Amino acid sequence: MKRFFQFTLDNSHLTIRLALLVSIVFAAFVPSLVLAQDTDPIAPTDNEVNAIAKEMYCPVCENVPLDVCGTQACAQWRALIREKLNEGWTEDEIKQYFVDQYGARVLAEPPRQGLNWLVYVVPPIAFLAGAYILFRGVQSWRQIEPDDADVEEPTQDVEKPTDDYVARLEEELRRSEQ
Amino acid sequence: MTEVEEKTVTEEETNTGPKWGRMLVWGGLLVLLTIVALGLKRTQEGPVGPGQEAPAFVLTTFDGQEIDSADLAGKVIVLNFWASWCKPCEQEAADLETAWQYYQEGGDVVFLGVDYVDTEPEAMVYMNKFNISYPNGADLGTRISQSFRIRGVPETYIIDQDGVLTHTQIGPFTSLLQITAVIDPLLGQ
Amino acid sequence: MIANLGYGALVITFIVSLYGIGASFYGVRQNKPAWVNSARNGMLLTFPLLTLSALSIIVLLITDHYEVEYVASVTSRSMPMYLKITALWGGQAGSLVFWSWLMSAFASAVTLRKWDRDREFLPWVIVVSLITLAFFISLNIFVENPFTRLWQLPSGQVIEEMFQPAGSALFFPRDGQGLNPLLRHPGMIIHPPMLYLGFVSFVIPFAFAIAALVTGRTDDRWIRLTRRWTLWAWMFLSLGLVLGGRWAYDVLGWGGYWGWDPVEIAAFMPWLTGTAFLHSVMIQEKRGMLKQWNMVLVILTYSLVIFGTFLTRSGVLSSVHAFAQSAIGPMFFAFIGITFIGSLSLLFHRWNDLKAKTEMTSMLSREALFLLNNLLFIGILVVCFWGVIFPLISELFTGQKVTVGPPFYERANGPLFAGLLLLMAIAPLSAWGHSTIKTLGRAIWKPAIVSVVAVVAVIVSGITNPYALIGFFLTALVITVTVYEYWRGAMARGKRHGENFFVALWTLVKRNRRRYGGYIIHLSMAMLAIGIIGIEIFQSETQGTLSQGESLALGAYTMTYDSLAVFDAPDGRNVARAVVSINKNGKPVGELYPRRDFFYDSQQPMTIPGVRSTIEDDFYILLVDWEEISTSNATFKVYHNPLVKWMWLGSWLFIFGTLVAAWPEKESDPVPARNRKRVSATVKA
């Protein structure tokens with residue numbers, strides 16, 4: 001029965017990543033290496049490993065942080081982090097090692113170099129441009145109807161705040177009913 | 001006074017602002033659609049298929065040797081993607097090694113193993129377990145797998161003497177016979 | 001054959017849709033209302049037809065017709081009935097039918113309204129709805145047919161075809177692969193329908209906007225007609241997002257609710273523009289401004305819905321949520337291209353007709369603050385959009401994938417969210433037309449003092465993280481200002497009309513439900529913010545491998561590993577369930593049962609956390625690993641998530657607020673002019 005479905009999956013348009021899926025599945029169910037390696041008293045703790053893994057992504061389970069990914073590949077990666085920590089590597093060195101091995105995609109953010117600068121530069125520029133357009137727009141609108149508001153303001157200021165508020169509120173409620 | 005100003009403002013907006021704006025918006029839309037279209041094309045393409053020229057690659061083996069696909073012209077290349085965490089890979093590992101033993105003496109076929117998203121200690125255990133003797137190396141930066149656009153492991157690409165891809169095996173080979181059936185015709189040519 | 005029936009219904013719906021598009025066009029061009037009426041009937045006919053089609057799938061699913069490929073791929077014999085039904089949206093093909101069905105329901109409902117004063121919109125609303133519908137159905141008919149069956153050829157080969165190939169016989173697999181275990185969760189039963197409801201209901205405002213552009217009737221009418229639709233659509237979308245978060249929190253086992261995953265963002269983006277629209281539409285209603293901008297926002301929202309759906313379903317983006325890669329990509333792309341280019345051309349065509357009538361007078365007026373609000377929402381949209389699109393660009397230009405993950409979004413959006421909170425606190429106090437620093441200051445000083453006191457209390461309790469303090473100050477300000485607005489309004493009204501406070505409050509809310517419902521939504525957003533600050537800034541975690549009887553401490557909590565049992569459940573799962581007792585400050589507070597389910601049919605595991613949830617904090621335990629036979633050792637990952645419950649509580653308040661604002665009754669549009677007077681008369685009485 002299972003063979004039949006492997007067949008359909010491989011050949012149908014669905015093209016599920018069968019090989020990956022199958023391996024993820026098997027792997028996740030087999031208790032991983034973590035248990036075996038806790039014996040060394042000076043070994044890095046799970047928390048130290050997770051602190052680094054939290055900010056990394058394994059290509060096998062895209063968009064799931066390494067510290068919570070359940071696949072065998074990810075378990076191996078965590079074991080590797082542990083090993084490197086044990087050898088006295090720093091967090092940056094470990095991350096660099098993973099980048100060299102598996103590419104920049106393992107990092108939670110693109111490294112700040114080359115084309116990747118665009119990621120960081122475009123949103124602020126776009127926001128500032130938007131703010132500028134808005135500012136210009138509001139300015140040009142204000143030119144059309146000047147003074148109008150400023151004339152009324154002082155007279156209202158003198159009045160009792162509550163009454164002013166009630167008047168405004170009633171006015172708005174009345175308008176909203178129209 | 002107010003009226004005059006209003007007119008100029010409106011004129012300004014209709015004549016300059018929106019025109020530039022329109023060009024910009026259309027341009028932006030075009031760029032966006034192009035990017036998406038190219039991205040879509042890429043996902044729709046699937047792995048590199050038979051008949052296409054195989055992407056060039058450089059494989060750094062576990063013992064530090066650099067193997068450049070350009071140096072292998074004139075030979076049949078069997079490029080196998082695998083990983084130690086991949087259970088289906090184990091199905092074909094022994095057959096691949098046997099096939100390698102069989103073709104090694106002729107010298108016309110090169111077997112290369114690309115270890116995909118794997119860790120070295122476990123990879124070594126795996127290779128010892130199946131006595132793999134042909135050159136193997138990690139897929140540094142996942143560059144090779146990305147250029148072949150693999151979807152998972154195991155996948156095997158067989159490239160002829162002219163650098164053209166002749167066979168794509170998605171999933172494991174199920175028997176030795178299946179491997180030789182693809183390679184033998186290439187040697188007969 | 002049920003499959004043939006369902007397929008037939010789909011094909012007929014497609015033909016009817018095409019007919020309706022043509023008839024509507026013809027009717028409006030030749031000025032023959034009979035044709036438009038006929039198109040309208042066609043629109044109404046699509047709903048029963050699609051109902052029939054969807055029901056056929058459901059019947060096939062619950063009666064184990066595994067010869068139908070879709071049924072075999074999403075169900076299995078061991079699945080309970082309710083899951084077999086919900087498997088309708090568990091795969092690409094079925095969920096597309098479900099989507100079309102919902103859209104047809106909405107479009108039919110809107111077609112049934114009284115069109116007296118708006119007859120010119122009708123044909124175009126029909127055309128837009130039917131084009132969209134026809135497109136989605138064509139995906140089902142030509143690419144993702146849920147009714148294809150498995151046929152065995154004489155050679156023994158099994159193929160998928162809709163109709164029997166010569167010489168072949170139906171192939172009956174003994175069992176199906178079963179639903180993806182991640183989808184076997186109560187949250188998953190309502191999360192997708194809510195999201196889809198939100199998505200498809202944005203078609204209606206879009207259709208009206210396009211109708212307004214085509215007919216040139218670009219006054220406020222289309223906005224008055226659609227604003228409640230928009231509010232409902234927005235509520236469904238919001239609920240879809242919240243439920244998705246809840247589902248992730250309960251099932252995905254990463255201790256969080258939101259991972260800035262591309263698919264989550266794809267659903268979040270229309271929410272951003274939709275929310276911006278709900279605010280800026282008020283400026284158009286009150287001041288007649290921003291007509292162009294509102295049109296842009298409606299079109300953008302719908303475009304983002306379609307674009308997000310495309311990204312998710314075409315396999316362009318990879319994600320935990322993504323459907324399996326599919327061939328619908330190119331068709332979808334063409335549809336998106338046509339939608340974008342068509343709407344943009346129309347928009348530019350009418351650009352000058354949409355000019356504003358009145359203008360801005362003060363930078364602190366409520367309309368100016370609404371504009372700032374829109375700027376912030378669009379800012380967040382840009383960040384999200386760019387983050388989603390950039391990996392595509394990078395892959396195209398450098399051939400290398402990159403990950404744009406949570407740190408990017410959090411850093412870029414954090415200040416923008418804070419800005420939104422600040423606006424939420426200030427804007428309700430500012431007046432339409434004009435406000436000055438003075439008037440604002442006079443209104444805000446009392447709430448500000450209360451908020452400062454609240455923050456001082458927080459500092460005294462030992463929290464010094466500056467970001468958290470800013471966040472708490474802003475949320476406190478939102479809450480106090482909003483409550484103050486209620487109080488002020490009710491008091492003022494009570495004084496003037498001699499009503500007691502509660503009567504005054506009641507009439508106040510009743511007379512402007514949209515505003516006061518909106519304020520309730522503001523309060524719920526403040527609660528959401530509290531939860532988000534809690535989990536984002538104060539989450540802590542630890543992991544450890546314990547022998548039975550050993551403990552692991554985190555914060556005030558201690559968990560003790562008591563036992564672990566591995567057994568087979570009757571519904572085809574293998575369950576590993578740990579029993580863990582919890583102590584807080586040394587006192588026992590109960591047991592938790594984190595577990596790992598393994599589904600035999602789909603060969604997939606699922607990690608279910610054990611959670612103890614209180615107003616103060618959540619204690620969240622994952623069973624990571626265990627020693628197989630002896631079960632003497634097990635590894636647990638433990639999270640302490642402060643305040644996260646506020647998010648879920650806030651969501652309930654949010655629903656309440658939206659209902660207050662959107663409940664159909666008094667407001668002008670569905671009620672003809674004659675009745676309206678009567679209604680407002682009764683209100684006054």
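Every chain is numbered from 1 and lettered A, B, ... according to where its sequence line falls, protein lines coming before strand lines. Worth saying up front: this structure is predicted, and the values here are computed from it rather than measured.
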- Item | Region of P172(B) in contact with chain A, defined by heavy-atom distances below 4.5 Å | neither
- Query: Tell me, do D115(B) and N136(B) make a side-chain contact under 4.5 Å, heavy atoms counted?
  - Reply: no
- Query: Just by distance, do the side chain of Q178(B) and the backbone of T174(B) share a donor-acceptor pair under 3.5 Å?
  - Reply: yes
- Message: Can you confirm whether more than 12 heavy atoms, excluding those of K54(A), are under 6.0 Å from its NZ atom?
- Response: yes
- Task: Please assess Q76(A) against T119(B) for the test side chain to side chain donor-acceptor pair (under 3.5 Å), listing each intermediate value before the final yes or no.
- Result: CA-CA 7 Å; Q76(A) 282 179 210; T119(B) 45; 2.9 Å; yes
- Applying a strict 4.5 Å limit to non-hydrogen atoms, the region of D139(B) in contact with chain A is backbone
- Structural part of Q146(B) lying under 4.5 Å from a heavy atom of chain A: side chain
- Item | Segment of A138(B) engaging chain A (4.5 angstrom heavy-atom cut-off) | side chain
